[in-house]
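Counting begins at 1 with the first residue of the sequence.
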Amino acid sequence: PPAEQAALFQIQHLATQGGGYLKYEWVDPGNGQRVNKTALVRIAQPWGWVVVVTNTDAEQGAILQQELARYEATNQQDLADVLAALAVALAVGVAASWGFSRWSGKLFQRYHRDIGEHAAALQLSEQRFRTLIEWSPEAILVHRSGEIIYVNPSAVGLFGASSARELLGKATSELIHPEYRQSQAERMRNLMDGATQLPSVQSRFLKLDGTAIDVTVQGTSVVYDGAP
């Protein structure tokens, strides 16, 4: 089919340029419908093999949501462990004596060991999550109170910045087309009022040079650097 032939040609051309990301359309063999896909093309040296890893936009979104849920669940579990251990220590400490001192010492030794293991697991989860975000072909930015505090490399390219530093600290409204600022402000208020995820919508943003770009926007509430 023409669409598949065009995609394969683009992948081969990208490989000759050293590799990179490619967004294209493909026909889903399961239902025959066209879907948007993203390919990561790399050259395996010294053999010169072309390595291509692909997934659909829906799959990419599902992976991001899964890692986000795992990251938030780890934080919540650590807090629950701390509160449970403190509750046990306080309740038993009121009625205990010398025997409790020995028992509680072992308890807290085990507790601190568990905390260390949880901290290591949390750090690994954070590293996996950050790697996934950094390598995502989708533009991702995090803002707090309307101020941008994180952008991934794809967002840097989308807005025509030379580095993340050009975007950090900017008001999100500066990057939204005037016709869409009110609707995007309402979506942000919904997140601040307790919504955890907003549906995707079509919108229009602005590059740093003022060029208008049509985008698909999805909003999600996250904890970043210990704060929402």
I want to check something: taking the side chain as every heavy atom from C-beta on, are [X] and [Y] in contact at a cut-off of under 4.5 Å?
X	Y	value
Gln184	Val201	yes
Leu158	Ile213	yes
Phe159	Leu141	yes
Gln202	Thr216	yes
Leu208	Leu175	yes

Rounded distance (nearest 0.5 Å) linking atom [atom1] of [X] with atom [atom2] of [Y]:
X	Y	atom1	atom2	answer
Tyr180	Leu206	OH	CG	11.5 Å
Ile149	Leu168	CD1	CG	9.0 Å
Met188	Thr172	CE	OG1	3.5 Å
Leu167	Glu174	CG	CD	10.0 Å

Quick one: closest heavy-atom pair of [X] and [Y], and the distance?
X	Y	value
Ala212	Arg204	CB-CD, 3.9 Å
Ser162	Val156	C-CG1, 4.2 Å
Arg187	Gly219	NH2-N, 3.5 Å

Is it true that Ile140 and Leu191 fall in one hydrophobic cluster, defined by side-chain heavy atoms closer than 4.5 Å?
no
Look at the side-chain heavy atoms of Ile, Leu, Val, Met, Phe, Trp and Tyr, link any pair under 4.5 Å apart, and say whether Val215 and Val142 land in one connected group.
no
So does Ser173 get a backbone contact from the side chain of Arg181, meaning a donor-acceptor N/O pair under 3.5 Å?
yes
Over 60° means perpendicular and under 30° means parallel, so tell me whether His13 and Phe9 are parallel, tilted or perpendicular.
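Ring orientation, 0 to 90° scale: parallel.
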Evaluate whether atom CD of Gln182 has more than 12 neighbouring non-hydrogen atoms of other residues, nucleotides or ligands under 6.0 angstrom away.
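It does not: Gln182 CD has 12 such atoms or fewer within range.
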Pairs where residues 140-159 contributes a residue and the test side-chain hydrogen bond (donor to acceptor under 3.5 Å, both in side chains) is met, not counting sequence neighbours
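Passing the test, one end in residues 140-159: Glu134-Tyr150.
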